[in-house]
Amino acid sequence: PVELLGFFNPLTLLGGEKQVVEGVTVISWFLAFLFMAGAQPVGEELIFRGVFYTGLLKQFSQVQSIAIAALVFAGFHFLFDPTYFWWGFVQPLILGFTAGIVRAATQSTQAAIGTHFMFGFFVVLRALVRSIAANLEALDASFRGGGNDLAGRVDMLRVLTRLPLEALASADALVPTPGLPVGCQWA
């Protein structure tokens, strides 16, 4: 349905939040960030917290206006992703309430845009970290499937030292392995 509006869902481009696809390019990540943390927050907040919420305030209390705008916001998102209740309704509802409260407290649509920006930023960041972790698991599995386990582990560490973000994303996977020298420990 999103494609019918002439837009794309950047998480679909990345393989979705629910799954990770190999071979995602840097351009895909850039486009996802641009859309999820740029265009989408500005457009949606101008509509829902700038125009719609302001119009609701003329007929309802502040609390009622926040709730109605949040429910309509979540319903709008659920139309585009009805297969996943959590991602399609619950999270947009939480974001709608949060952005609405920020808008009401600051009297600024820009503050609501900033709130939405941070939400989008962390959604893309979470997808990126999950993708890195999945790629590291696949790389580790390929080394473990090879002949020389010690050589595979040393090669894995060489890969990680060239990719510090990947090492950071999977730092909790580094645990001591008996029998290997310090610096060559990969479990």
Side-chain angles (χ1 to χ4, degrees), residues 1-135 165-166 168-169 172:
V2 174
E3 289 79 12
L4 295 175
L5 296 175
F7 296 101
F8 65 95
N9 181 344
L11 291 179
T12 302
L13 181 67
L14 297 176
E17 181 66 27
K18 292 69 127 182
Q19 62 182 2
V20 179
V21 172
E22 295 180 27
V24 176
T25 65
V26 172
I27 292 172
S28 298
W29 286 110
F30 175 75
L31 290 174
F33 178 78
L34 187 66
F35 183 77
M36 296 284 294
Q40 188 176 13
V42 171
E44 289 182 355
E45 293 310 318
L46 286 175
I47 292 168
F48 286 99
R49 256 54 73 188
V51 177
F52 188 59
Y53 168 78
T54 305
L56 289 171
L57 281 175
K58 294 176 183 171
Q59 295 184 12
F60 300 99
S61 72
Q62 194 174 52
V63 173
Q64 290 171 325
S65 298
I66 291 170
I68 293 168
L71 286 167
V72 171
F73 179 75
F76 177 77
H77 281 82
F78 193 64
L79 289 173
F80 295 105
D81 193 5
T83 56
Y84 297 99
F85 186 72
W86 176 257
W87 294 109
F89 186 79
V90 176
Q91 285 213 339
L93 183 64
I94 293 168
L95 174 60
F97 273 108
T98 304
I101 291 167
V102 167
R103 168 68 169 87
T106 63
Q107 297 298 312
S108 170
T109 305
Q110 291 176 340
I113 291 171
T115 301
H116 197 142
F117 165 81
M118 291 306 296
F119 182 83
F121 173 78
F122 284 111
V123 167
V124 174
L125 183 63
R126 181 175 184 259
L128 176 63
V129 169
R130 289 182 71 184
S131 177
I132 289 168
N135 287 332
L165 183 59
E166 284 84 344
L168 181 63
D172 60 338

message: So, taking the atom named CD1 in Ile66 and the one named OG1 in Thr98, what distance separates them when rounded to the nearest 0.5 Å?
response: 10.5 Å
Spatial distance of atom CD (Gln64) from atom CG (Leu57) [nearest 0.5 Å]: 10.5 Å
message: Less than 4.5 Å apart, side chain to side chain, heavy atoms only: is that true for Leu93 and Leu71?
response: yes
message: Is the shortest side-chain heavy-atom distance between Phe119 and Thr115 below 4.5 Å?
response: no
- prompt: In Å and rounded to the nearest 0.5 Å, what is the CZ to CG distance from Phe76 to Leu79?
  reply: 7.5 Å
- prompt: Are any non-hydrogen side-chain atoms of Tyr53 and Gln62 less than 4.5 angstrom apart?
  reply: yes
- request: Applying side chain to side chain donor-acceptor pair (under 3.5 Å), run through Thr54 and Arg103 and close with a yes or a no.
  value: CA-CA 10 Å; Thr54 305; Arg103 168 68 169 87; 3.2 Å; yes
query: Say you draw a straight line from CZ of Phe52 to CD of Glu44; how long is it, rounded to the nearest 0.5 Å?
result: 13.5 Å
- line: On a heavy-atom basis, the closest approach of His77 and Pro92 is CB-CG, 3.6 Å
- prompt: Between atom CD of Glu45 and atom OG of Ser108, what is the distance when rounded to the nearest 0.5 Å?
  reply: 11.0 Å
- request: Side-chain contact test, heavy atoms from C-beta onward, threshold under 4.5 Å: evaluate it for Phe121 versus Phe33 and give yes or no.
  value: yes
- request: Quick one: pull up CH2 in Trp29 and CG in Leu125 and give me the separation to the nearest 0.5 Å.
  value: 9.0 Å
- prompt: What's the shortest heavy-atom distance between Ala99 and Ala112, and which atoms?
  reply: O-CB, 3.8 Å
message: Looking at every heavy atom in both Ala37 and Phe117, which two are closest together, and how far apart are they?
response: O-CD1, 2.6 Å
message: Closer than 3.5 angstrom, by distance alone: can the side chain of Gln91 be matched with the main-chain N or O of Gly88 as a donor-acceptor pair?
response: no
message: Restricting to non-hydrogen atoms, name the atom on Gly96 and the atom on Arg49 that form the minimum distance, rounded to 0.1 Å.
response: O-NH1, 3.8 Å
- line: Nearest heavy-atom approach of Ala111 to Thr106 is CB-OG1, 3.4 Å
